[in-house]
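Below is one structure, written out as structure tokens, with a few remarks after it.
Within every chain, numbering begins at 1; the chains are lettered A, B, ... in the order of the sequence lines, protein sequences first and strands thereafter.
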Amino acid sequence: MLEGKYNFLETEKKWQKFWQDEGIYKFDPKSNKPMFSIDTPPPTVSGELHIGHISGFSQADMIARYNRMQGKNLFYPLGFDNNGLPTELLVEDKKKIRAHTLPREEFTKIALDLVSGYNQAYRDMMVRSGMSCDLSLGYNTIDNRSQKTSQKSFLDLARRGIAYREDKPSPWCCKCRTSVAGFELEDKDLDSVFNYLNFPLADGSGTIPIATTRPEFLPACVAIFVNPDDDRYKSLVGKKVRVPLFEDIEVTILSDDKVGIDKGTGIVMCCTFGDQTDVEWWKEYNLPLKQAIDDSGSMTEIAGKYAGLKTTDARKAIIDDLKEKGYLYNQVPITHAVKVHERCGKPIEFLSKKQWFIKTSTPELKEKWLELGDQLVWHPAEMKTRYRAWVNNLNQDWSISRQRYFGVPFPVWYCKNCGNVILADEKDLPINPLSSSPKVKCKCGSSEFIPESDVMDTWATSSVTPQINMNWADDEEYAKTHIPMDMRFAGRDIITTWCLRTIIKSYYHQNCLPWKSLLINGWVMADKGIKISKHLANSKMKLSDLLDTYGADVIRYWCAIGAYGRDVLFSDEGLKDGYKLLNKIWNASKFVLSFLQDYTPKKPKKILPMDRYIIHKFNQAYDDTRAFYDDVEMSFAKNEIERFFWNFCDNYIEIAKNRLYKPEVYGEDAKESAQWACYNVLLGMLKLLAITMPHITEEIYQDYFVKFEKVKSIHLTTLSKINIEDEDKIIDNGDLVIDIVSKVRQFKSENKLSLKTELTNIEIVNDDLDFIKDCEMDIKAVSSAKEIIYKTGEFAVNVGKPILSE
RNA sequence: GGGAGAUUAGCGCAGUUGGUAGAGUACCUGCCUUACAAGCAGAGGGUCAUAGGUUCGAGUCCUAUAUCUCCCACCA
């Protein structure tokens, strides 16, 4: 029997333990039920979870619960992404070790060990938030299964020529000392200086002005460009200039329409490589390659006296010398957007290194990605346009080599003699080429090999989560029949990275989509325009504090605010609403169940009109709620059932309670009819509310309903309508009765009377009075009227005199 | 420069195919009503960003404009 106030802290903990102990959310591989598989995105373990993370996860969890309550067998894992640079940096920092000083296996072991603590903290927080994942299905992207899957994926692509190795300039982070992918870059506004230099023409006929922010690139200058339409400089094309301070270098003036006539002086120097445009020119005009900067961000030999200096120091020294030699004639401070590495915030350089790439950007492939995007069901639908825009803009293949130490190694050696690429045998995976060798000789006869020391980019592994989940590495048949998975959810920021790359991998390996549907959640905003992030998550939004203060049910309620995919402003408002609902569910259930204590559910022979009404009304709300869930609109679904629930409390309970309290006045039949309606409607509501608020609904279910329903958790029950005969106009008729009651309340409120004030009579005017007459007992009771007078005519309610006691 | 989204009550939002503007919250007026005062009943409050257009009729469709957010491009 429910008593007192609802204690969410104790209750939530109790049922979370119960769900784990009883394996309520466990996937059953032997089940006959239809399977519903979710490719939960494995979070990167670093820092602390905040309301932003849990919001996206909770929303997806509601869809998971909705599917489970349709009798499906859920495959709903919780993995962790911990194989790349972020984890390497984390381990180095926490354990005070340097990755490359240890054998890779040993470092991986230390990492896995450290990370397991973080995983546990994340897992605990997920459980505390009411997530219904099967924790036994987890994986780490650095564990053996993931490594094996990732390496198998690479081998498959390498054998088919889809993965290839090439020397080409790509973005390089000198701080992290690795190449990075284009999508790992972000723009940052930095202060800089435009240095105006005079380049002497080689024939001695004068100088030309060039403005540059990076004079340290002078030794790598390979050409000068002007715009072909620029009348000022047209005549210069084809002439040669000498590079200031590096007068031995002579470069040619070329023309290209990528040059902005009104930018700087309208003349640009092309260096290998100052930026993306330099790379394009280098390719297009077949220019020589001069590397002025090495992988640590120091000047190389070709910088002459500046060799060995860091770029920033070199810049200072070069500017001083330029001034002294009279080349520099002006300096203008500017702020400009610079591409920086998102992990460390340091500006990137372009370096040319031998790297592995995956083919992604030919016109035919792009067409394929668009076609696959069209086959995928997007929620919300407009997110697809972002994907399409991104695919259309793809112009580079996917670089997957990282010159780091920790990660999934490439299962590859190179023949020392002929350079031939030797791929590992699939049955030896996972393999670390640094600590093992090919078992066969190279076809050139040599048996000396150089192992690949690079590791794969994190995305190369996190893009095969469907294959990890469905055990592709060990059972191709199973994977083939279980991919596409049913659903994936993710934040909007990774449509272009994670999602596309996963689509690419599944296409290459299974020739199909990775998932049937993709849910893209919005962001939680700390303030207008400011996304909540780790450093912004102050204590007001700290997840553990929120859970302690409000409980998981209320937090989840808050997460179901707003149309799916939209950004939501974090505020206390929604939390207050959630708390109100929680409280109301508790009180209403406590009250209703107090009348069902000695009751055995049995459909009564005669069901009174208002009881039939509330049941039909529930069935209608049930249909509407489900339609919203089918449409992945958990917020509207929640609102729908919530609105019905509130109506049930304020109108139906007020009517039914008279019959429940006083069977001696209204009769046992009238009581039983109300009991049956209460039992079914309350249970039905709790089931639908369980999707949003799994704890309180379980508490009430376990307190009462479980002994009749015989299913061990409300979360394993099946959603259903209440079985009742169809009836014409029952909802309209019932609404009319509610309207009558409302009119009486309005009269009392306007006359500042208590709602229990007795009335001499109520006069009801309507064309059709039959249904209203059938409800006379209820109307009289709820409005405290002594008599009801009926008249035929246009609908009206005339309230008689109030009977005022002394 | 290209693209996407937003603009509706004091506030944060909903408004499916065009048909009299909606709930919540806040504010206001009442009510201790045999569950709940974190409750209940009731009232007020909006030139739907602006300007045009299509239509018998526009929050909804079209065209501009403004403001805000995000993505992409530019980065010499």
Side-chain angles (χ1 to χ4, degrees), chain A residues 2 5-6 182-183 187-190 192 194-195 210-215 217 221 224-225 258-260 263-271 274-278 281 334-339 347 380 382-390 392-393 395 492-493 495-496 522-523 525 528-531 561-563 565-574 576-577 579-595 627-628 631 633 635-636 639 642-643 646 649-650 653-654 657-658 660-662 741-742 744-757 782 784:
Chain A
L2 306 179
K5 281 205 149 195
Y6 178 60
F183 57 80
D187 288 343
K188 202 167 169 182
D189 282 328
L190 293 177
S192 186
F194 240 145
N195 298 285
I210 293 180
T212 177
T213 53
R214 310 238 12 218
F217 268 111
C221 183
I224 303 291
F225 280 93
K258 276 205 267 296
V259 178
K263 265 187 193 170
T265 63
I267 309 181
V268 195
M269 62 174 194
C270 169
C271 310
D275 62 22
Q276 187 63 39
T277 315
D278 290 343
W281 280 335
I334 55 157
T335 303
H336 66 162
V338 176
K339 288 243 181 279
E382 67 265 21
M383 291 298 172
K384 192 167 85 180
T385 45
R386 286 167 192 264
Y387 171 86
R388 294 188 67 90
W390 175 268
N392 282 324
N393 275 326
N395 53 20
R492 196 170 54 212
D493 42 338
I495 295 177
T496 50
W523 285 325
M525 311 299 276
K528 280 219 163 129
I530 302 170
K531 182 185 158 191
I561 278 181
R566 287 287 195 69
D567 296 344
V568 207
L569 218 61
F570 183 84
S571 75
D572 298 338
E573 296 278 306
K576 233 169 79 187
D577 289 352
Y579 198 83
K580 271 173 63 173
L581 176 63
L582 194 78
N583 208 33
K584 190 81 175 176
I585 292 173
W586 182 255
N587 283 315
S589 302
K590 192 166 75 174
F591 183 62
V592 166
L593 293 181
S594 72
F595 296 107
F628 281 127
D631 222 21
E633 284 292 2
S635 163
F636 301 157
N639 288 347
E642 185 182 356
R643 184 165 38 231
W646 229 272
C649 292
D650 296 339
I653 292 186
E654 287 305 315
K657 74 182 185 187
N658 298 294
L660 292 166
Y661 266 122
K662 295 179 186 161
V741 173
S742 217
V744 177
R745 285 171 174 168
Q746 186 179 352
F747 172 86
K748 288 181 180 175
S749 192
E750 277 167 0
N751 290 284
K752 303 189 176 178
L753 297 168
S754 159
L755 288 181
K756 66 173 183 185
T757 309
V782 79
S784 309

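- Phosphate proximity of B/rC40 to A/Lys584: present, with a side-chain N or O under 4.0 Å from OP1 or OP2.
- Of the side-chain N and O atoms in A/Trp523, none sit less than 4.0 angstrom from OP1 or OP2 of B/rC70.
- For B/rC61 and B/rU17, the C1' atoms lie 12 Å apart once the distance is rounded to whole Å.
- Considering only the side chain of A/Lys580, B/rG39 comes nearest among B/rG15, B/rU33, B/rG39.
- An OP1 or OP2 oxygen of B/rG42 is reached within less than 4.0 angstrom by no side-chain nitrogen or oxygen of A/Lys748.
- For the pair A/Asn751 (side chain) and A/Leu753 (backbone), a donor-acceptor distance under 3.5 Å is absent.
- Between the base of B/rU34 and the side chain of A/Lys662 there is a donor-acceptor pair shorter than 3.5 Å.
- Residue contacts for A/Asp650: at a heavy-atom cut-off of 4.0 Å it reaches the sugar-phosphate backbone alone, with no base atom in range.
- Residue-level contact check: A/Cys649 touches the bases, meaning some heavy atom is under 4.0 Å from a base atom.
- As rounded to the nearest Å, B/rG59 and B/rA14 have C1' atoms that lie 12 Å from one another.
- Formation of a donor-acceptor pair under 3.5 Å by the A/Ser749 side chain with backbone atoms of A/Arg745 is not found in this model.
- A 3.5 Å limit on both hydrogen-bonding distances identifies no Watson-Crick or G-U partner for B/rG18.
- Using N1 to N3 plus N6-O4 or O6-N4 for Watson-Crick, or N1-O2 and O6-N3 for G-U wobble, each under 3.5 Å, B/rC32 pairs with nothing.
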Stepwise side chain to side chain contact (heavy atoms under 4.5 Å, CB included) test for A/Tyr6 and A/Leu582:
CA-CA 8 Å; A/Tyr6 178 60; A/Leu582 194 78; 3.7 Å; yes
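- Among the heavy atoms of the strands, none lies under 4.0 Å from A/Val592.
- Pairing for B/rU25 is with B/rG10, a Watson-Crick or G-U wobble pair whose two hydrogen-bonding atom distances lie under 3.5 Å.
- Contact annotation: A/Lys756 side-chain N/O to B/rC40 OP1/OP2 distance is not under 4.0 Å.
- Contacts of A/Lys5 with the nucleic acid, taken as non-hydrogen atoms under 4.0 Å apart, include base atoms.
- Checking side-chain atoms of A/Lys748 against main-chain N and O of A/Leu755 turns up a donor-acceptor pair under 3.5 Å.
- At a threshold of 4.0 angstrom between heavy atoms, the contacts of A/Arg214 with the nucleic acid are absent.
- A/Glu654 comes within contact range of at least one nucleobase, with a heavy-atom separation under 4.0 Å.
- Minimum atom distance to the side chain of A/Thr385 is reached by B/rA4, of the listed B/rU33, B/rC74, B/rA4.
- Spacing between B/rA37 and B/rC32 at atom C1', rounded to whole Å, works out to 8 Å.
- Here, B/rG22 and B/rC11 have their C1' atoms 16 Å apart, quoted to the whole Å.
- Look at B/rU65: its Watson-Crick or wobble partner, with both distances under 3.5 angstrom, is B/rA49.
- The same atom, P, is picked in B/rU63 and in B/rA73; the two are 27 Å apart, to the nearest Å.
- Between A/Arg643 and B/rA23 there is no side-chain N or O to OP1 or OP2 distance below 4.0 Å.
- Scanning both residues, A/Ser192 and A/Thr213, for their nearest heavy atoms gives OG-CB, 3.7 Å.
- The residue A/Phe225 sits apart from the nucleic acid: no heavy atom pair falls under 4.0 Å.
- Distances shorter than 4.0 Å separate some side-chain N or O of A/Tyr661 from OP1 or OP2 on B/rA35.
- Within 4.0 Å of A/Ala389, counting heavy atoms only, lies no atom of the nucleic acid at all.
- Put simply, the side chain of A/Asp631 never gets that close to the backbone of A/Ala627: no donor and acceptor are under 3.5 Å apart.
- The pairing partner recorded for B/rA43 is none, the criterion being a Watson-Crick or G-U wobble arrangement whose two distances lie under 3.5 angstrom.
- Not a single donor-acceptor pair under 3.5 Å links the side chain of A/Asp278 to the backbone N or O of A/Cys270.
- For A/Arg388 and B/rA4, the shortest distance from a side-chain N or O to OP1 or OP2 is not below 4.0 Å.
- Across the strands present, B/rA73 finds no partner; the criterion is a Watson-Crick or G-U wobble pair with both atom distances under 3.5 angstrom.
- Note on A/Ser742: only backbone sugar-phosphate atoms sit closer than 4.0 angstrom, heavy atoms only; bases stay farther off.
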